[in-house]
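What follows is one structure encoded as structure tokens, with my remarks underneath.
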Amino acid sequence: MTSRHVPSPSRRTVVRAAAATAAAVPVLAASATTAASASASASSEAAAAPAPAFLHGVASGDPLPDGVLLWTRVTPEPGAEPGSGRGADTPVRWEIAEDREFTAIAASGTTHASAASDHTVKADVRGLRPATSYYFRFTASGGGGGTTGVRSPVGRTRTAPATGANVAGVRFGVVSCANWEAGWFSAYRHLAARADLDAVLHLGDYLYEYAAGGYPTQGAALREHRPSHEILNLADYRLRHGTYKTDTDLQALHAAHPVIAIWDDHEFANDAWSGGAQNHTPGAEGVWERRVAAAKQAYFEWMPVRASTEGTVYRRLRFGKLADLHLLDLRSFRSEQASIGSGSVDDPERTVTGRAQLDWLKAGLAGSDAVWKLVGTSVMISPVAFGALPAHLLKPLAGLLGLPKEGLAVNVDQWDGYTDDRRELIAHLRERGISDTVFLTGDIHMAWANEVPVRAATYPLSPPAATEFVVTSVTSDNLDDILKVAPQTVSLVAAAAVRAANRHVKWVDMDSHGYGVLDVTAERSQMDYYVLSDKTAKDSTSSWARSYRTRRGTQRVERADRPVR
């Protein structure tokens, strides 16, 4: 790879802007330390395992009132690692029951794990009871087939409430941005241990595409990516997915709860758009459309996700009359990111959603009879402005953080770079009287609680149209990692500066890693924010940090004094 592919801290525009804001204040902080630890090689596991074997766990996803999608991957022979194409077709039986002992099978079936799907298996099960917990498992037959064979671990899943049911509450874990090299996936372990979740919502950057050691640049990688080079073709994306699913905490999460996932850019390449990406060089790295096709194929093979008819991840799930969950794909149809300072962010011909998806979302919001309209969006919809830095600080910080010489006003990878789509959507909410819309967001490695203003410049004199809860990263670098300072030092001044310039931002945490728990009732939607003690420690503890809620009918965010549990 050329030096262009070694990413700098400027990979995340908002993070680098916040880092610049923080570095411009006279706050002293201690250097952060990074613990190094080696992970077991996935290839060694595959070589030592019997055949067939279940080395990548089990998973479920996209719960419906009468069904759920089940997933696993069979290693058909020693050394048949993901992307290798090795191994014969393997008969696989799946079973789902309401008890862990499988004394009363609710549904079962047989299929084959083949090289054509990288020996992954999916079963889209129907005929189940709504709002019911189930247990599932797979059995892979050896060479001769038959009913005996190797059994997978047992997973637990749960169906959604009936479409017309009056539901008292629904609760989701919420995560995003898990970089294998940057830390351990302790957030997943803590969510897996909770028995009170209906599902876990993953808002993107489930994996990262960079070469080993390429990202983060702030220190030595805790564990190295496989393959070691930047992933470009189908075999590469398959192996990267398979490597992530050897993580025991990630396996525990998938075995404990159904996961509802959307993708962001790193499932493809950094700052992806419909025709390319910041981290893709045409020619040297092949044709972008082929790379995208490979990434999408591997994603749908390896994730418990139903593809829409367009082969994307935008879709809608319902949880009784309480909540509709609208899930967006903000990479497949978007225009190229605008150049900072070009003024093209307001161009009505540019789009982040694409015309068809925006119309689909608007129709779904207008037609919803659910109390809450939840929107899973991979990038932040709330506007955020960062002013230019003082001249005496701009030059050194621009060199350190990759900032443009003219300073940074907006993050053009978010909805801020596509203001016409945002204007149209917010106008639709106001004109149609659509209330209680909550955007759920990941991407920027920080936690936020925002009111989405109709006009940010005159807020709070102008009204809010919706609310937004943004969760921080599982492991991916944020402000203190980039600046190598202690958490809650430099960032406190930077966060205050952001809030002063953006009065609709009620809270921002620029340092922590962790996850959210969204609890929805007829009266309010509340996000509880949990943080990890140390992302580089395998036994990292988790603690509640803050909670924010929006009460029905208000479109306002207020602080709650305790988590829901």
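What's counted below: heavy atoms across the whole structure, side chains too, no hydrogens, waters or symmetry copies.
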Give every residue pair that meets the ring pair (Phe, Tyr, Trp, His ring centres under 6.0 Å) criterion with at least one member in residues 61-103, sequence neighbours excluded.
W71-W302
Would you please name every residue forming a salt bridge (Lys or Arg N to Asp or Glu O under 4.0 Å) with D66, sequence neighbours left out?
none
Please list all pairs meeting salt bridge (Lys or Arg N to Asp or Glu O under 4.0 Å) that have one or both residues in residues 249-260, counting only residues at least two apart or in different chains.
R189-D249
Verify the distance criterion only: is there a donor paired with an acceptor across the side chains of T139 and R137 at less than 3.5 Å?
no
Please collect all salt bridge (Lys or Arg N to Asp or Glu O under 4.0 Å) contacts where either partner lies in residues 103-114, sequence neighbours excluded, each pair once.
none
Donor-acceptor side-chain pairing of Y237 and R291 below 3.5 angstrom
yes
Checking side-chain polar atoms at under 3.5 Å, does Y215 have a donor or acceptor matched by the opposite partner on H225?
no
Checking R151 now: which residues fulfil side chain to side chain donor-acceptor pair (under 3.5 Å) with it, not counting sequence neighbours?
none
Tell me which donor-acceptor pairs under 3.5 Å the side chains of residues 128-136 have, and how far apart each pair is, sequence neighbours excluded?
residue : atom : partner : partner atom : Å
R129    : NE   : E98     : OE2          : 3.0
R129    : NH2  : E98     : OE1          : 2.8
R129    : NH2  : E98     : OE2          : 3.2
T132    : OG1  : R129    : O            : 3.4
T132    : OG1  : P130    : O            : 2.8
S133    : OG   : R156    : NH2          : 3.1
S133    : OG   : R158    : NH1          : 3.0
Y134    : OH   : R129    : N            : 2.8

Expected output: side-chain T536 to main-chain G183 donor-acceptor under 3.5 Å:
no
Return each pair, listed once, that meets side chain to side chain donor-acceptor pair (under 3.5 Å) where at least one residue sits in residues 106-116; pairs must be two or more places apart or across chains.
R93-S108
Kindly compute the distance separating CG (L201) from CG (L325), expressed to the nearest 0.5 Å.
6.0 Å
Applying side chain to side chain donor-acceptor pair (under 3.5 Å) to D528 and not counting sequence neighbours gives Q526, S547
Reported CG-to-CD1 distance for the pair D264 and I262, which is rounded to 0.5 angstrom:
7.5 Å
Looking only at side chains, do S542 and Y515 share a donor and an acceptor under 3.5 Å apart?
yes
Would you please name every residue forming a side chain to side chain donor-acceptor pair (under 3.5 Å) with R290, sequence neighbours left out?
none
Run the ring-ring contact (aromatic ring centres under 6.0 Å, His included) check on Y210 and H266 step by step: do they pass?
CA-CA 8 Å; Y210 298 118; H266 291 291; 5.4 Å; yes
Y548 meets the side chain to side chain donor-acceptor pair (under 3.5 Å) criterion, sequence neighbours left out, with R546
Do S540 and S533 get their side chains close enough for a donor-acceptor pair, meaning under 3.5 Å?
yes
Kindly confirm or rule out a cation-pi arrangement of R316 over W360, judged by NZ or CZ under 6.0 Å from the six-membered ring centre and within 45° of its axis?
yes
The criterion is side-chain contact (heavy atoms from CB on, under 4.5 Å); which residues satisfy it with S473, sequence neighbours excluded?
C177, H445, S476, N478, H513
With sequence neighbours left out, write down each residue that passes ring-ring contact (aromatic ring centres under 6.0 Å, His included) with F319, or none if nothing qualifies.
F172
